[in-house]
Trainee: 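Take a look at the following structure, please.
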Amino acid sequence: MAKVTIADAFSQLLEGPVPMRFTAYDGSACGPEDAQFSMELTSERGLAYLLTAPGDLGLGRAYVSGDLIVTGVHPGNPYEALKASQKQLKFKRPTPAQAVRIISGLGLTHLKPPPPPKEETLPRWRRVVEGVRHSRTRDKEAIHHHYDVSNTFYEYVLGPSMTYTCAVFPTEDATLEQAQFYKYDLIAKKLDLKPGMRMLDVGCGWGGMVRHAAEHYGVRTLGVTLSREQATWAQEKIKDQGLDHLAEVRHSDYREVTETGFDAVSSIGLTEHIGVKNYASYFSFLRDRLRPQGRLLNHCITRPHNRHQETGAFIDRYVFPDGELTGSGRIITEAQNVGLEVMHEENFRLHYARTLAGWCENLEKNWDECVAEVGEGTARVWGLYMAGSRLAFERNEIQLHHVLAVKTDAEGHDDYPLRPSFPMDATYPEVSAG
């Protein structure tokens, strides 16, 4: 069997030419020498990751473990390298015969898949031991994997607003904090919040919307989150701000909320986690929490189409276990099918790209502190996933939609104006820390 270098093997696993400089621990290299970005494979373990899981999962494993080093960009913000290579760095799955030739030529006839990095969760088929997909037990574990990383880590990455959802930028030069304030205020206007109203915020995160509605609109607000870390942080912040007479955040599944008669319900970033097949029960549950003529605002990441499409293996195992996306059309249909009257829809795709750019900048700026808090592997996961998501929003591979609906009463009254308007203040202050 002819000897094969690692660079030769790497080239054979690509669908086209090598778009950047690639070097390996055996001394071999390929790709343009003057490339702006380069990759270095530093160990046999990294090679095993690439060969036993071709595609984004193998690359992700090698990168997260530190066996694949990318130079020319910071690991907290590898956006430019991803942008430069996205179209060209396409891996193909070799046929069994090709795999045997490559492995034999490398002298690795007994190659076995190494254990994945500790940051990786079980594959979807193995997670059945945690319950049926989107059962309460399994949803709780999925949320724990993603959100209970470290509140301190999130403070470094998200900034003072502690808001892990798409911001809305009122102007080109608005800061991330101003855009998060604007997002919450826009939702408040769409829900027509007024003093004395009651609002439910499901999947409330660190309580940003809960506190905004209480502080700026005098609304009595209940938030629920499956993350114990988020709930603890939010309750402490509510008390610090003197809002505990109006606001509450519970560590709870949204399906455990028994109260009804809310004037408004907001769902900001929860729908991605509940499963498309559960949309009917989800929207029915939210409808039943509303009083007649009450409003629902659903904010979630979507596909640009309504066809079924699984998330990639890297995202499923490292970022959002069991996450599912579909198009805004499916979301609107499911809301209408349970009797909600959809009044307004809006796409904020490019706003999320800007939001992610801000988070990556924060991660890069606070890299040493983030690594000290959660470890380099987890910090690498976040840099890679956020930069890749930014690129996906820019390329219209994913979107972010608001869907505003009303629980119309039995006589057909929805208490909605003939022409909707969401009047916004001219200026938006910097949000205070937290």
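Each residue takes its place number in the sequence, starting with 1.
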Trainee: Taking all atoms of both residues into account, what is the closest heavy-atom pair of Val342 and Val403, and its distance?
Mentor: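 Closest pair (atom of Val342, atom of Val403, distance): CG1-CG1, 4.0 Å.
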
Trainee: Under 6.0 Å between ring centres: does that hold for Tyr154 and Trp233?
Mentor: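 That pair fails the under 6.0 Å test.
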
Trainee: Which atom pair, heavy atoms only, marks the closest approach of Ile301 to Leu400?
Mentor: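 Heavy atoms only, the tightest pair is N-CD2, 3.5 Å.
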
Trainee: Whether Lys407 and Asp409 form a salt bridge (side-chain N of Lys/Arg under 4.0 Å from carboxylate O of Asp/Glu) is what I want to check.
Mentor: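 No salt bridge links Asp409 with Lys407.
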
Trainee: Taking all heavy atoms of Cys166 and all of His299, pick out the closest pair and write down the distance.
Mentor: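 For Cys166 and His299, the tightest heavy-atom pair comes out as O-CE1, 3.7 Å.
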
Trainee: Using side-chain contact (heavy atoms from CB on, under 4.5 Å) as the criterion, list what pairs up with Ser389, not counting sequence neighbours.
Mentor: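 Once residues adjacent in sequence are excluded, the partners of Ser389 under the side-chain contact (heavy atoms from CB on, under 4.5 Å) criterion are Leu356, Tyr385.
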
Trainee: With the threshold set at 4.0 Å, does a side-chain nitrogen-carboxylate oxygen contact exist between Lys239 and Asp244?
Mentor: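 Between Asp244 and Lys239 there is no salt bridge, as every charged N stays at least 4.0 Å from the carboxylate O atoms.
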
Trainee: For Phe348 and His401, I'd like to know if the aromatic rings sit close, meaning centre-to-centre distance below 6.0 Å.
Mentor: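 Here the rings of His401 and Phe348 have centres that are no less than 6.0 Å from each other.
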
Trainee: Ring-plane angle category for His212 and Tyr184, please: parallel below 30°, perpendicular beyond 60°, tilted otherwise.
Mentor: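 If you compare the ring of His212 with that of Tyr184, the planes turn out tilted.
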
Trainee: Return the set of residues passing side chain to side chain donor-acceptor pair (under 3.5 Å) with Arg250 (not counting sequence neighbours), or none when no residue passes.
Mentor: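 With neighbours one apart ignored, the set is Glu248, Glu259.
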
Trainee: Not counting sequence neighbours, which residues clear side chain to side chain donor-acceptor pair (under 3.5 Å) with Thr355? List them please.
Mentor: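 Partners of Thr355 under the side chain to side chain donor-acceptor pair (under 3.5 Å) test: none.
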
Trainee: Using every non-hydrogen atom in the two residues, find where Cys204 and Val210 come nearest and quote the distance to one decimal.
Mentor: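 Looking at all heavy atoms of both residues, the shortest contact is CB-CG2, 4.2 Å.
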
Trainee: Fit a plane to each ring of Tyr282 and Tyr254, take the angle between them on a 0 to 90° scale, and name the class: parallel (under 30°), tilted (30 to 60°) or perpendicular (over 60°).
Mentor: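 Rings of Tyr282 and Tyr254: perpendicular, as their planes differ by over 60°.
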
Trainee: Between Leu57 and Ala313, which heavy-atom pair has the shortest distance, and what is it?
Mentor: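 The answer is CB-CB, 4.0 Å.
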
Trainee: For Ala357, give me all partners under side-chain contact (heavy atoms from CB on, under 4.5 Å), at least two apart in sequence or on another chain.
Mentor: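 Ala357 satisfies side-chain contact (heavy atoms from CB on, under 4.5 Å) with Arg390 only.
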
Trainee: Could you work out, with side chain to side chain donor-acceptor pair (under 3.5 Å) as the rule, every residue matching Lys365, not counting sequence neighbours?
Mentor: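 Checked Lys365 against side chain to side chain donor-acceptor pair (under 3.5 Å); zero matches.
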
Trainee: Which pairs of donor and acceptor atoms, one on a side chain in residues 31-40, lie under 3.5 Å apart (sequence neighbours left out)?
Mentor:
| residue | atom | partner | partner atom | Å |
| --- | --- | --- | --- | --- |
| Ser38 | OG | Thr71 | OG1 | 2.2 |

Trainee: Please work out whether the ring planes of Tyr164 and Trp382 are parallel, tilted or perpendicular, with thresholds of 30° and 60°.
Mentor: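 If you compare the ring of Tyr164 with that of Trp382, the planes turn out tilted.
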
Trainee: Are any non-hydrogen side-chain atoms of Phe422 and Leu186 less than 4.5 angstrom apart?
Mentor: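 Contact flag for Phe422/Leu186 side chains = yes.
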
Trainee: Which heavy atom of Leu363 sits nearest a heavy atom of Gly76, and at what distance?
Mentor: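 Here Leu363 and Gly76 meet closest at CD2-O, 3.6 Å.
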
Trainee: Side chains of Tyr156 and Glu369: is there a donor and an acceptor less than 3.5 Å apart?
Mentor: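 No, Glu369 and Tyr156 have no side-chain donor paired with an acceptor closer than 3.5 Å.
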
